[in-house]
Amino acid sequence: MLLLIFLTISVVATSASPWIPMDGNNPASYCLSWRLAIETNNVRAWRTVPLQCMRYVEAYMLAGQYDRDVELIGEQVRVYLNEIVLPGDGMDAWILDVDDTCLSNVYYYRLKRYGCDPYDPTGFRTWAMKGESPAIQPVLELFNDLIEIGFKVFLVTGRDEETLRQATVENLHNQGFTGYERLIMRTAENKKQSAATYKTTIRKQLMEEDYRIWGNVGDQWSDIQGEYSGNRTFKIPNPMYFVP
């Protein structure tokens, strides 16, 4: 009888979850939990991707799951858009971040082991000046829909105004982002502000210009948190880096 009970418990334990090893040391299982934690903002101010998660992040970004996740977010934005009736006075605003929201930097981060290496501001500036970041297609489609509906789309980025404006304008244009209301970049005045403070300041300024911010999309929590964030916020996944 004791042997029968033992065998029954063993079968249940080994068959309960055939796809997830019962030990807690499986890298894929850990990295899935880690990605969930950062996307829900439970892990904050992290500096680099855990080394054991490099291949996991690579597969997530390039093997199709990332694209499906972004497409789903786009679908949810459209559900929200169907609920909106615009007053038609030209003061209806929508905010989009640029890096890894409109334009993908995955090819740059491939050289940085998908975020396992520390942030390199000089290296990223060199990459951005090339103007070779491809559009994130579901966001480009959403951008065009917003323009067609009648929103004034503001692109708000932490990129440096002085050194990167021309390259950024050309990159956006070449990838199909045309017709936006304004591209807002960091200036000397707000260069030392955190991303969260800087973007909150910009949104406040827009609302002081009497714009109504209906929506706000970004890949970082600092893009969408804080005051004046808009009626709805939507976060694009990004397991490669964290911007406070």
Side-chain angles (χ1 to χ4, degrees), residues 70 73-74 77 90-112 119-209 211 213-220 222-224 228 230 233-236 238 240-241 243:
V70 178
I73 294 167
V77 175
M91 302 305 291
D92 299 297
W94 195 285
I95 295 176
L96 295 176
D97 173 54
V98 173
D99 284 303
D100 294 298
T101 298
C102 293
L103 301 175
S104 172
N105 295 306
V106 68
Y107 297 117
Y108 167 76
Y109 278 97
R110 179 171 59 184
L111 303 176
K112 299 297 181 180
Y119 177 62
D120 175 10
T122 302
F124 181 79
R125 187 181 305 110
T126 301
W127 159 259
M129 290 185 72
K130 294 178 181 179
E132 297 177 354
S133 297
I136 297 176
Q137 286 302 317
V139 179
L140 176 59
E141 293 169 9
L142 174 62
F143 169 85
N144 287 326
D145 289 346
L146 292 168
I147 298 292
E148 184 176 350
I149 291 170
F151 287 97
K152 299 292 179 66
V153 178
F154 292 85
L155 305 182
V156 184
T157 174
R159 290 189 178 195
D160 179 62
E161 166 87 25
E162 183 178 357
T163 59
L164 292 177
R165 170 163 284 276
Q166 189 60 36
T168 303
V169 169
E170 292 177 359
N171 196 165
L172 288 165
H173 183 272
N174 292 339
Q175 292 300 315
F177 289 93
T178 59
Y180 53 83
E181 183 69 12
R182 199 182 308 169
L183 171 63
I184 302 174
M185 309 180 72
R186 277 190 189 266
T187 63
E189 180 182 357
N190 49 44
K191 193 170 187 178
K192 294 183 178 180
Q193 293 177 337
S194 69
T197 300
Y198 156 63
K199 295 206 168 184
T200 298
T201 300
I202 297 302
R203 295 193 301 264
K204 181 175 184 290
Q205 292 172 354
L206 291 177
M207 294 192 73
E208 288 173 347
E209 295 176 29
Y211 283 103
I213 301 176
W214 287 94
N216 183 3
V217 182
D219 67 293
Q220 299 293 318
S222 55
D223 295 330
I224 59 178
Y228 316 102
T233 61
F234 299 87
K235 187 182 181 301
I236 301 294
N238 185 349
M240 298 185 295
Y241 59 88
V243 179

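- Residues Y228 and L206 have side chains not in contact (no heavy-atom distance under 4.5 Å, counting atoms from C-beta outward).
- Side-chain contact between N105 and F124 is present, with at least one heavy-atom pair separated by less than 4.5 Å.
- The pair E209-R182 meets the salt-bridge criterion, with a side-chain N (NZ, NE, NH1 or NH2) lying under 4.0 Å from an Asp/Glu carboxylate O.
- R165 is listed as a side-chain neighbour of L183, based on a closest heavy-atom distance under 4.5 Å.
- For the pair Q205/I184, no side-chain contact is recorded, criterion being any heavy-atom separation below 4.5 Å from C-beta on.
- Residues satisfying the side chain to side chain donor-acceptor pair (under 3.5 Å) criterion with T201, sequence neighbours excluded, are absent altogether.
- For Y119 and Y241, the gap between ring centers reaches or exceeds 6.0 Å.
- Surrounding CD of E208 are more than 12 heavy atoms belonging to other residues, nucleotides or ligands, all under 6.0 Å away.
- Counting only N and O atoms by type, the side chains of R203 and T200 include a donor and acceptor under 3.5 Å apart.
- Contact detail for I236 and I73: the closest heavy-atom pair is CA-CD1, 4.0 Å.
- Checking Y180, Y211, F143 one by one against F154, the ring-ring contact (aromatic ring centres under 6.0 Å, His included) holds for a single residue, Y211.
- The two atoms that bring L103 and R159 nearest to each other are CD1-NH2, 4.5 Å, heavy atoms only.
- With sequence neighbours excluded, no residue forms a side chain to side chain donor-acceptor pair (under 3.5 Å) with N144.
- By the 4.5 Å heavy-atom criterion applied to side chains, R186 and Q193 are counted as neighbours.
- Side-chain contact between Y108 and S133 is absent, with no heavy-atom pair separated by less than 4.5 Å.
- With contacts defined as side-chain heavy-atom distances shorter than 4.5 Å, the pair T187/N190 qualifies.
- Counting heavy atoms from C-beta outward, Q137 and L140 have side chains that approach closer than 4.5 Å.
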Cut-off 3.5 Å, no hydrogens considered: what does the side-chain donor-acceptor table look like for residues 90-97, sequence neighbours left out?
| unit_1 | atom_1 | unit_2 | atom_2 | d |
| --- | --- | --- | --- | --- |
| D92 | OD1 | R212 | NE | 2.9 |
| D92 | OD1 | R212 | NH2 | 3.0 |
| D92 | OD1 | W214 | NE1 | 2.7 |
| D97 | OD1 | K199 | NZ | 2.8 |
| D97 | OD2 | T101 | OG1 | 3.0 |

